[in-house]
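Beneath this line is the structure, given in structure tokens, with notes to follow.
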Protein chains: 2
Amino acid sequence: MGRPAQISRPAVLTAALAVADERGLDALTMQAVAARLGVTAMALYRHVRDKDDLLDGLVEALLTEFPPPDPGLPWRERLAGTARAIRASAARHPAVFPLLLRRPAGTEQARRVRDGVLDALREAGLNDERAARAERLISTAVLGYAASEAAGRFDHHPQDVRDADFAHLLAVIGACVDPEGSRSCRG
Amino acid sequence: MGRPAQISRPAVLTAALAVADERGLDALTMQAVAARLGVTAMALYRHVRDKDDLLDGLVEALLTEFPPPDPGLPWRERLAGTARAIRASAARHPAVFPLLLRRPAGTEQARRVRDGVLDALREAGLNDERAARAERLISTAVLGYAASEAAGRFDHHPQDVRDADFAHLLAVIGACVDPEGSRSCRG
DNA sequence: ACCTGAACACCGTTCAAGT
DNA sequence: ACCTGAACACCGTTCAAGT
């Protein structure tokens with residue numbers, strides 16, 4: 001007993017993310033992750049329950065990358081900053097990012113990101129219920145845009161068009177949340 | 001020669017969609033599709049190039065389900081009708097639907113749906129460039145919401161909350177496109 | 001022309017066995 | 001306690017062979 005562990009769950013997830021980033025989701029096999037760690041595939045099962053658990057861990061790892069917005073900034077910039085950080089994460093991890101839209105949003109990191117957005121929306125003057133609804137729609141729109149871009153759905157548009165699209169999305173969100181905004185957006 | 005075909009590409013796609021609807025994307029194997037057609041897996045390869053081609057065909061089949069809006073209706077209702085049809089398709093095919101966000105939007109059916117939206121936006125008074133941008137953002141938001149719902153990301157919210165969320169999304173889209181809407185939404 | 005049998009390389013996963 | 005070897009059931013895909 002007491003044989004020292006060669007690998008750990010964080011090490012497994014880091015290796016898995018690297019494999020997915022470099023070679024895509026199809027190449028993300030237990031054997032590929034193990035090989036990168038210098039270990040056999042069966043050794044991973046002590047640190048992740050199965051491959052689905054590994055994918056869940058990757059989603060959680062991605063969420064960790066979304067930095068908490070500086071609380072000193074006004075709500076509008078906190079919102080835009082988080083959205084831009086999410087899009088940047090999608091660009092770094094195009095293979096894994098789309099999984100964010102396919103997995104439940106109830107994990108610790110997911111709650112942390114959501115609470116940051118909710119705080120900003122309440123500071124903008126929305127009550128709890130409207131803030132919760134706006135958070136769901138904003139998150140979905142931002143995740144959807146970033147996932148589309150990562151998956152190559154907009155590959156036929158040049159980068160500057162996509163940048164302008166995203167800027168426009170942020171502008172719409174800002175306008176809809178703004179206390180001075182149109183009535184329909186806040187209903 | 002001249003042995004009559006037992007199966008066809010449409011038959012393969014119909015069987016594949018049924019398997020995915022009933023048992024999920026993981027159960028969508030070449031063998032399962034073949035079994036449903038009373039044929040061996042190898043027979044499918046005469047009608048689809050490989051499994052990826054089969055998935056592309058499913059995406060195209062899903063797009064076919066989005067009905068062309070009645071051109072007699074005002075633009076606002078055409079837009080809302082298309083969005084609701086897309087959401088309904090996601091509810092019917094929750095396993096396959098998320099693939100729409102992962103595959104390029106350049107196929108024939110994808111263009112047909114897009115052109116319907118573009119027509120509505122131009123009728124709302126947007127010029128070509130703004131209509132194209134609005135189409136990309138609206139499509140992404142609607143697909144993102146429907147895909148999230150289909151994948152179970154909102155399962156912890158009851159149906160009526162999700163219905164209200166979607167209605168709110170439609171309202172925001174309508175307000176942003178409306179000629180009388182706020183300035184930021186149309187920039 | 002269309003489908004099948006047999007085969008190949010590869011998966012995820014288990015379990016008893018080694019250290 | 002942690003990792004491995006061997007094994008199992010399953011995948012997608014090929015190719016020559018049947019009809």
Side-chain angles (χ1 to χ4, degrees), chain A residues 1-62 95-96 98-99 102-104 151-152, chain B residues 1-61 95-96 98-99 102-103 151-152:
Chain A
M1 73 240 194
R3 181 173 171 181
Q6 297 176 33
I7 59 175
S8 62
R9 185 177 171 94
V12 169
L13 294 178
T14 300
L17 191 56
V19 169
D21 289 347
E22 291 168 15
R23 291 158 48 202
L25 208 56
D26 285 345
L28 180 60
T29 65
M30 299 301 267
Q31 358 257 325
V33 175
R36 177 175 278 261
L37 292 166
V39 111
T40 66
M42 297 78 85
L44 304 180
Y45 286 88
R46 190 154 298 272
H47 302 95
V48 295
R49 200 174 349 97
D50 51 24
K51 192 175 179 185
D52 230 56
D53 183 41
L54 184 147
L55 293 176
D56 281 339
L58 286 186
V59 168
E60 197 69 357
L62 238 83
V96 174
L99 297 180
R102 285 198 281 160
R103 308 211 157 226
Chain B
M1 67 217 186
R3 182 171 172 183
Q6 297 177 35
I7 58 177
S8 62
R9 183 178 171 95
V12 169
L13 295 178
T14 300
L17 191 56
V19 170
D21 288 347
E22 291 169 15
R23 292 157 49 203
L25 208 57
D26 286 345
L28 180 60
T29 66
M30 299 302 267
Q31 359 254 329
V33 175
R36 176 175 279 261
L37 293 167
V39 111
T40 65
M42 297 78 82
L44 304 180
Y45 286 88
R46 190 154 298 271
H47 302 95
V48 294
R49 199 173 352 94
D50 51 23
K51 192 175 178 184
D52 230 56
D53 182 42
L54 185 148
L55 294 177
D56 282 338
L58 286 185
V59 168
E60 196 69 357
V96 174
L99 297 181
R102 285 198 279 160
R103 309 215 158 223

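If you're wondering where the values come from, they're calculated on a predicted model, not measured in any experiment. All chains are named by letter (A, B, ...) in the order of the sequence lines, taking the proteins before the strands, and each is independently numbered beginning at 1.
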If you look only at distance, which donor and acceptor atoms sit under 3.5 Å apart when one is on a side chain in residues 25-41 of chain A and the other is two or more places apart or in another chain?
from	atom 1	to	atom 2	distance (Å)
A:Thr29	OG1	A:Ala32	N	3.0
A:Arg36	NH2	A:Glu22	OE1	2.6
A:Arg36	NH2	A:Glu22	OE2	3.1

Rounded distance (Å) that lies between atom [atom2] of [N] and atom [atom1] of [X]:
X       : N      : atom1 : atom2 : answer
A:Asp52 : C:dC11 : CG    : P     : 18 Å
B:Leu28 : D:dC11 : CG    : C1'   : 12 Å
A:Tyr45 : D:dG5  : OH    : P     : 16 Å
A:Leu44 : C:dT14 : CG    : P     : 13 Å
A:Asp26 : D:dC11 : CG    : P     : 16 Å
A:Met30 : C:dT14 : CE    : C1'   : 13 Å
A:Lys51 : D:dA9  : NZ    : P     : 21 Å
A:Ile7  : D:dC2  : CD1   : P     : 10 Å

N/O donor-acceptor pair under 3.5 Å between A:His47 side chain and A:Ile7 backbone: yes

A:Leu17 and A:Thr14, any side-chain heavy atoms less than 4.5 Å apart: no

Residue A:Ala41, side-chain atoms from C-beta onward, closest of D:dG5, C:dT13, C:dC11: C:dT13

Touch class at under 4.0 angstrom, heavy-atom based, for B:Ala5 against every strand present: sugar-phosphate

Sugar-phosphate, base or nothing in reach of B:Met42, heavy atoms under 4.0 Å: base

D:dT13 pairs with, by Watson-Crick or G-U criteria that keep both distances under 3.5 Å: C:dA7

Counterpart base for C:dG18, defined by Watson-Crick or G-U wobble contacts under 3.5 Å: D:dC2

Steps toward side-chain contact (heavy atoms from CB on, under 4.5 Å) verdict (A:Glu60, A:Leu55): CA-CA 9 Å; A:Glu60 197 69 357; A:Leu55 293 176; over 6 Å; no

Distance test, side-chain N/O of A:His47 to OP1/OP2 of D:dC3, below 4.0 Å: yes

Distance test, side-chain N/O of B:Gln31 to OP1/OP2 of D:dG12, below 4.0 Å: yes

Heavy-atom closest contact (A:Ala95 atom, A:Ala20 atom, distance): CB-O, 3.6 Å

Closest approach of A:Leu54 to A:Ala16 (non-hydrogen atoms, all atoms of both residues): CD2-CB, 3.8 Å

Residues A:Asp56 and A:Arg49 bridged, charged N to O under 4.0 Å: no

Between the protein and nucleotides 17-19 of chain D, which nitrogen or oxygen pairs are less than 3.5 angstrom apart?
from	atom 1	to	atom 2	distance (Å)
D:dG18	N2	B:Arg3	NH1	2.8

